[in-house]
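Sequence positions, counted from 1, serve as the residue numbers for this chain.
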Amino acid sequence: MNAGLPILRLGDILLTGLLSDLDDKTALAFTEELTTRIANEGIRGVIIDISRLEIIDSFVARVLMQLAGTGRLLGTRMVVAGMRPAVALTLTELGLQLTGVRTALNAEQAMELLGWRRPAEAPHAP
């Protein structure tokens, strides 16, 4: 089942994102597709970019926590990237904690948390 949310594979890492209009059906399909790919493809890390989320509610926070828990059970690490300050403030005000979810300022930092490094620049030929 395709949730309509792109999930890109970069080596043994999956990169995906969430949109603010996440409903129950989409969340269930997304969770199923992501966890199936983790198990079938030997994925060791997942980055969920939420930079497009301007607000977050308890439902989206719960989806992120469930994904993190499921990912841990399947042997992968989950990193949420791109959280806006307003989203962080809302989570704090609502008393919601993304337990078990690592965070990074952006996708590049999330990649580094998962062990990816930018290739060193090739030396210039004389």
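- Here the CG-CG distance, from Leu15 to Leu10, works out to 6.0 Å after rounding to the nearest 0.5 Å.
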Exercise. Given side chain to side chain contact (heavy atoms under 4.5 Å, CB included), test Val46 with Arg77 step by step and report yes or no.
Key: CA-CA 6 Å; Val46 175; Arg77 293 170 46 197; over 6 Å; no
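- No continuous path of hydrophobic side-chain contacts links Val79 to Leu105 [ILVMFWY only; heavy atoms under 4.5 Å].
- Annotation: the span from Asn40 atom CG to Arg37 atom CZ amounts to 9.5 Å, rounded to 0.5 Å.
- Between the CD1 atom in Ile7 and the CD1 atom in Ile48 there is a gap of 9.0 Å [rounded to 0.5 Å].
- Using a 4.5 Å heavy-atom threshold, the side chains of Leu64 and Ile56 count as touching.
- Here the side chain of Arg9 pairs a donor or acceptor atom with the backbone of Gly11 at under 3.5 angstrom.
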Practice problem: Tell me, with the steps shown, if Asp24 and Phe59 meet side chain to side chain contact (heavy atoms under 4.5 Å, CB included). | Solution: CA-CA 9 Å; Asp24 288 353; Phe59 174 71; 3.0 Å; yes
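- We find the CD1-CG distance between Ile55 and Asp57 to be 6.5 Å, quoted to the nearest 0.5 Å.
- The two residues Met65 and Val101 have their closest heavy-atom pair at CA-CG2, 4.4 Å.
- If you take CD on Glu33 and OG1 on Thr26, they are separated by 11.5 Å, rounding to the nearest 0.5 Å.
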Quiz item: So Ile50 and Val60, side chain to side chain contact (heavy atoms under 4.5 Å, CB included) or not? Walk me through it.
Solution: CA-CA 10 Å; Ile50 63 168; Val60 173; over 6 Å; no
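- One distance of note links CG of Leu114 with CE of Met78; it measures 10.0 Å at 0.5 Å rounding.
- Under the rule for a side-chain contact (heavy atoms from CB on, under 4.5 Å), the partners of Leu94 that lie at least two apart in sequence or sit in another chain are Thr90, Leu96.
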Quiz item: Arg84 and Leu53: side chain to side chain contact (heavy atoms under 4.5 Å, CB included), yes or no, with the steps?
Solution: CA-CA 8 Å; Arg84 295 176 183 227; Leu53 290 182; over 6 Å; no
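- Taking all atoms of both residues into account, the shortest heavy-atom contact from Ala104 to Ala110 is CB-N, 3.5 Å.
- Smallest separation of non-hydrogen atoms from Asp12 and Gly42: CB-O, 4.1 Å.
- The two residues Thr76 and Arg44 have their closest heavy-atom pair at OG1-C, 2.8 Å.
- Across every non-hydrogen atom of Ala61 and Leu91, the tightest pair is CB-CD2, 4.0 Å.
- Taking each heavy atom of Val87 and Met83 in turn, the nearest pair found is CG1-CG, 3.7 Å.
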